[in-house]
Engineer: 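My questions all concern the structure below.
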There are 2 protein chains.
Amino acid sequence: MTVQRILIVAGTHGNEINPIWAVKQFNRNENSLKHGIEYEYIIGNPIAYEKGCRYIDADLNRSFKKSKNYDQNENSFYEISRANFLVDQFGINGSKPCQIAIDLHTTTANMGTSIVMYGRRFKDFCLAALLQNKFGLPIYLHEKDKSQTGFLVEAWPCGLVIEIGAVAQNFYDPKIINRFLIIISSLRDEIDKLKKNLIELPKDLVVHVHQGSVDYPRDEKGDIDGLIHPKRINRDWKMIKKGDPLFLNSQGIIYKYDGDQFIWPVFIGEVAYKEKQIAMSYTNKEVICSKNEWVQEFHRL
Amino acid sequence: MTVQRILIVAGTHGNEINPIWAVKQFNRNENSLKHGIEYEYIIGNPIAYEKGCRYIDADLNRSFKKSKNYDQNENSFYEISRANFLVDQFGINGSKPCQIAIDLHTTTANMGTSIVMYGRRFKDFCLAALLQNKFGLPIYLHEKDKSQTGFLVEAWPCGLVIEIGAVAQNFYDPKIINRFLIIISSLRDEIDKLKKNLIELPKDLVVHVHQGSVDYPRDEKGDIDGLIHPKRINRDWKMIKKGDPLFLNSQGIIYKYDGDQFIWPVFIGEVAYKEKQIAMSYTNKEVICSKNEWVQEFHRL
């Protein structure tokens, strides 16, 4: 078997509106069927989109849990039932089975256009390598973070997040929309070539591997009492070392990075992560050699 | 009588967080008393700030109505009671009477640093002229819009809004904070000089006078079906003429400006105005000659 149907999800977070418009425009200009691959475009969280908020009861992009033993509360969450619906409909065993899911997101952080992967699945590496090779996109590899699980693309055998910023929540930005259009279009071309064995992977790919997250400084009441430091804001993907400033609190005190390892912070100041008590996430840099197995596994999708 | 106490309000909208931080930093660096003028710094909507949203029940910056005959619902609104509290406390007849109110706001629109005035009060012109003279700031004169009333500064004898953008809601941006610090600091200096008769007004000031607002294109269900056109987004304060593009809908149809007058759009794509069905507001440009009465009225504050 090979790839036959691909799911493109926009608006998994209801206030990330530019991908939704990219998909609308894309649908107008392109056929949903290309080279024998059918594309399904869907709004992840239509109710939250309607209301202009990230989610109704819980973050949809943390609601795709493997175990269905939710507690009493979660059972009634809109996003839990929505996640189940999406899997029942478009999951690999669903009524319209998709082998790949691409989930389109925006961020208020200055991340540029980037790829987010969850864990080290060979098929995902395959797609990520092609996009990095074509556009030089940075890759954030999210793994081993027990406090954050249940991401949408993990519920499919293969999948990536495309994350573009900086853009304000609910703000239409044609430049961001255009970037999504270019990525979706190229991804379709690359997947098509891959399917026809017309492509060679780059020798290696560079990933930024998630190491953990840090919260803002807080006062004794637990309220945020610190800005991202002026030298740190908007400098996602830039390396920092011991002693580099991270935060500035309301008393003018500077909080510095005090680890011994070089790190590359991402999602610096992302608005939606305040409630998760994340001011930025730390990554380190790793070079991974491409393997033939990546393509072989992709062909077995 | 002359100016004795000035109210500086930040966080009238709870998700506009940079002014709050500007005020915190300012409080640390400056005395609240300067040249005989006492400064009161306050968070307009502390509950909304805590929750990271614009407001709880209603827009606080539309809740300062002259008539207190609210309907049954409004009576229980948090923002109505908060508006009453602020006026009872800091209003001209309050327990700590302030003669001037300066209300600090941010916008997701690309407005730069600007001044918003409500109506043509001489004392407001006086302050606005000084700031425009010093920094060249554009002035948005909001008047004669019956659908939008109850602005905070209207409840004080003299007052301006300082509006800075573009910045995402809830996103800390040290550059935006710095701009507020500069404006607050200069405003204090200018008011001090004005009080001591050490200042001369510029010959005239240029204002952009509110003419009305336009909504996004909508589909038959009433849902937004159009982006701000790529040629229009982020071009606040730039003149447009008949035939210039305003919106692009999901079918690729361009909506054009079809008025005969030149206009200068502002608050283009402001996220918070979607619920008010405002995609942008139209202004025209007017030059107003300074009058001695402006300063005289200021001195009678």
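Remember, predicted model here, so these are calculated numbers, not experimental data. Here is how names work: the chains are called A, B, and so on, in the same order as the sequence lines, proteins then strands, and each is numbered from 1.
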Engineer: Can you tell me if CZ on F135(A) sees more than 12 non-hydrogen neighbours from other groups inside 6.0 Å?
Structural biologist: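 Yes, CZ of F135(A) has more than 12 neighbouring heavy atoms, counting only those of other groups under 6.0 Å.
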
Engineer: Got more than 12 heavy atoms from elsewhere within 6.0 Å of CZ, R62(A)?
Structural biologist: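 Counting neighbours around CZ of R62(A), more than 12 heavy atoms of other residues, nucleotides or ligands fall under 6.0 Å, so yes.
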
Engineer: Any non-hydrogen side-chain atom of L248(B) less than 4.5 Å from a side-chain atom of Q25(A)?
Structural biologist: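 Counting from C-beta outward, L248(B) and Q25(A) do come under 4.5 Å.
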
Engineer: Would you compute the distance between atom NZ of K24(B) and atom CD of Q251(A) and round it to the nearest 0.5 angstrom?
Structural biologist: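 CD of Q251(A) is found 9.0 Å from NZ of K24(B).
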
Engineer: Tell me, for Y49(B) versus chain A, whether the close heavy atoms (under 4.5 Å) come from the side chain, the backbone, both or neither.
Structural biologist: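 For Y49(B), no heavy atom lies under 4.5 Å from chain A.
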
Engineer: Is I224(A) in contact with chain B via its backbone, its side chain, both, or neither, using a 4.5 Å heavy-atom distance?
Structural biologist: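 Both parts, heavy atoms under 4.5 Å.
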
Engineer: How would you list, by chain and number, every residue that makes a salt bridge (Lys or Arg N to Asp or Glu O under 4.0 Å) with K241(A), sequence neighbours excluded?
Structural biologist: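 Checked K241(A) against salt bridge (Lys or Arg N to Asp or Glu O under 4.0 Å); matches are D244(A).
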
Engineer: Which residue out of L227(B), I233(B), I228(B) racks up the most heavy-atom pairs below 4.5 Å with chain A?
Structural biologist: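 Between L227(B), I233(B), I228(B), the count favours L227(B).
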
Engineer: Checking K238(A) now: which residues fulfil salt bridge (Lys or Arg N to Asp or Glu O under 4.0 Å) with it, not counting sequence neighbours?
Structural biologist: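 By the salt bridge (Lys or Arg N to Asp or Glu O under 4.0 Å) rule, K238(A) matches no residue at all.
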
Engineer: Around atom NZ of K276(A), are there more than 12 heavy atoms from other residues, nucleotides or ligands closer than 6.0 Å?
Structural biologist: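 More than 12 heavy atoms, drawn from other residues, nucleotides or ligands, come within 6.0 Å of this atom.
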
Engineer: How many angstroms lie between atom CD1 of I268(B) and atom OH of Y172(A), to the nearest 0.5 angstrom?
Structural biologist: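 It comes to 15.5 Å.
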
Engineer: Quick one: which of D225(B), D173(B), I177(B) has the most heavy-atom pairs under 4.5 Å with chain A, could you say?
Structural biologist: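 Option with the greatest count: D225(B).
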
Engineer: Could you check N15(B) against Q169(A) for side chain to side chain contact (heavy atoms under 4.5 Å, CB included), going step by step and ending with a plain yes or no?
Structural biologist: CA-CA 12 Å; N15(B) 54 11; Q169(A) 295 167 343; over 6 Å; no

